[in-house]
Amino acid sequence: MGLRRRFAAFRARLREAPRHDAAPEEPGEAPSGEGVRPRLVVGLGNPGGEYRGTRHNAGAFCIERLATRYGAQLARDRRVLHATIEIDGHTLHLATPRSYYNESGPTIAAELRRLRLLRDALLVVYDEIDLPLARVRMRPQGGHGGNNGMRSIIGSLGGGDFPRIRIGIDRPYDDGKPVRDPDRVADWVLGKPGREEREAIEAAVEAAADAVELAVRESVEAAMRSLHDGGGGE
């Protein structure tokens, strides 16, 4: 099934699905409290060479950048591309699901179980159509905000109390008015940006990778403050 047809099928399932977030196999309740460092960072995207370089793969690109910075090679298994790095003595697991973007939740839940981690140890990096191009923002927790990948993750984990970094890719416009037609939005996120836009997204990915490193070295709160001071955070 083509990815655009998967978008349509996913929207249909949302209309038919019961309104609940609980999942039968969630990795455990996340404890409250500040100062938690991420131990698993996941970047969202779609698998396969045809989607490499698309706007929707900005999160996966961040994982590639982190692996490159630390000389790690992403290995492939049945569910994910993954690697493990050390940042100032702190172990960090990197992963990109091999499932499609909108179906990321079960894969991420399985990876947390494999690593014996609670969901507050997770940090998700993904693209955000409702942020201006190359804006980078970070939150300690929240809802899905209409992002179907995050909707899948929150549903599979049984809650949204885990940090996330959003990389702005903006949306298409008609005469200055934002386009909200689902098919055109799908074409936009699955499209490849031009040179200037690509360079802006690449710079934002680097900023997101910097924030991941700071969150691991110090805390999510420190990374959020750094992004905010630099004009990129919440």
P106 side chain reached by S152 side chain, heavy atoms, under 4.5 Å: yes
Distance-minimising heavy-atom pair for A211 and A223: O-CB, 3.4 Å
W188 side chain to D170 backbone, donor-acceptor under 3.5 Å: yes
Reported CG-to-CD distance for the pair L133 and E128, which is rounded to 0.5 angstrom: 13.0 Å
Other residues, nucleotides, ligands: >12 heavy atoms within 6.0 Å of R39 CZ: no
Worked check of side chain to side chain contact (heavy atoms under 4.5 Å, CB included) between L40 and L112: CA-CA 8 Å; L40 169 64; L112 282 170; 3.7 Å; yes
Verdict with reasoning, V42 to I63, per side chain to side chain contact (heavy atoms under 4.5 Å, CB included): CA-CA 7 Å; V42 173; I63 298 302; 5.8 Å; no
Same apolar cluster (I L V M F W Y, side chains within < 4.5 Å links), L157/L115: yes
Beyond-backbone contact of V205 with I167, side-chain heavy atoms, under 4.5 angstrom: yes
Partners meeting side-chain hydrogen bond (donor to acceptor under 3.5 Å, both in side chains) with R164 (sequence neighbours left out): none
Side chains of I87 and Y70 in contact at under 4.5 Å (non-hydrogen atoms): yes
Side chain proximity check, I165 to V124, heavy atoms < 4.5 angstrom: no
Any residue meeting salt bridge (Lys or Arg N to Asp or Glu O under 4.0 Å) with R116, in chain and number order, not counting sequence neighbours: none
Steps toward side chain to side chain contact (heavy atoms under 4.5 Å, CB included) verdict (I129, V189): CA-CA 8 Å; I129 196 170; V189 299; 4.0 Å; yes
Any residue meeting side chain to side chain contact (heavy atoms under 4.5 Å, CB included) with P132, in chain and number order, not counting sequence neighbours: R135
E50: partners by salt bridge (Lys or Arg N to Asp or Glu O under 4.0 Å), with sequence neighbours left out: none
Minimum-distance pair of heavy atoms, taken over all atoms of H144 and G146: ND1-N, 2.8 Å
All side chain to side chain contact (heavy atoms under 4.5 Å, CB included) counterparts of T54, not counting sequence neighbours: Y51, H56, N57, K192
pair D210-L214: side-chain heavy atoms closer than 4.5 Å: no
E197/R55 salt bridge by N-O under 4.0 Å criterion: yes
Sequence-distant partners of R217, side-chain hydrogen bond (donor to acceptor under 3.5 Å, both in side chains), two or more places apart: D88
Non-hydrogen atoms of Y100 and P47 that approach each other most closely: CD2-CD, 3.8 Å
pair V220-P38: side-chain heavy atoms closer than 4.5 Å: yes
Over all atoms of both residues, closest heavy-atom pair of G142 and I154: O-CD1, 3.8 Å
From CA spacing to verdict: side chain to side chain contact (heavy atoms under 4.5 Å, CB included), I108, L44: CA-CA 10 Å; I108 293 173; L44 299 191; 4.1 Å; yes
For E206, all residues meeting side-chain hydrogen bond (donor to acceptor under 3.5 Å, both in side chains), sequence neighbours excluded: R65, R69
Heavy-atom donor-acceptor pair, S156 side chain to I153 backbone, under 3.5 Å: no
From CA spacing to verdict: side chain to side chain donor-acceptor pair (under 3.5 Å), S99, T107: CA-CA 7 Å; S99 52; T107 300; 3.0 Å; yes
CD on E213 to NE2 on H90, rounded to 0.5 Å: 12.0 Å
Any donor-acceptor pair under 3.5 Å from D174 side chain to K177 backbone: no
Closest approach of G43 to T96 (non-hydrogen atoms, all atoms of both residues): O-CG2, 3.5 Å
Non-hydrogen side-chain atoms of V41 and I85 separated by less than 4.5 Å: no
Atom pair CZ/CE of F162 and M150 - distance to nearest 0.5 Å: 4.0 Å
Donor-acceptor pair, side chain of N46 and main chain of Y101, under 3.5 angstrom: yes
Main-chain N/O of E64 paired to T68 side chain as donor or acceptor, under 3.5 Å: yes
For R198, side chain to side chain contact (heavy atoms under 4.5 Å, CB included) partners two or more places apart: P193, R195, E202
Shortest non-hydrogen contact from A215 toward M138: CB-CE, 4.2 Å
Contacts of A203 that satisfy side chain to side chain contact (heavy atoms under 4.5 Å, CB included) - sequence neighbours left out: none
Euclidean distance, Y126 OH relative to N148 CG, rounded to 0.5 Å: 11.5 Å
With sequence neighbours excluded, residues passing salt bridge (Lys or Arg N to Asp or Glu O under 4.0 Å) with R171: D130
Qualifying residues under side-chain hydrogen bond (donor to acceptor under 3.5 Å, both in side chains), relative to T91, sequence neighbours excluded: E86
Electrostatic pair R37-D120, nearest N-O below 4.0 angstrom: no
Contacts table for residues 71-83: side-chain donor-acceptor under 3.5 angstrom, sequence neighbours left out:
from : atom 1 : to  : atom 2 : distance (Å)
D77  : OD1    : R79 : N      : 2.9
D77  : OD1    : V80 : N      : 2.8

Gap between atom CD1 of I201 and atom CD1 of I169 - 0.5 Å precision: 6.5 Å
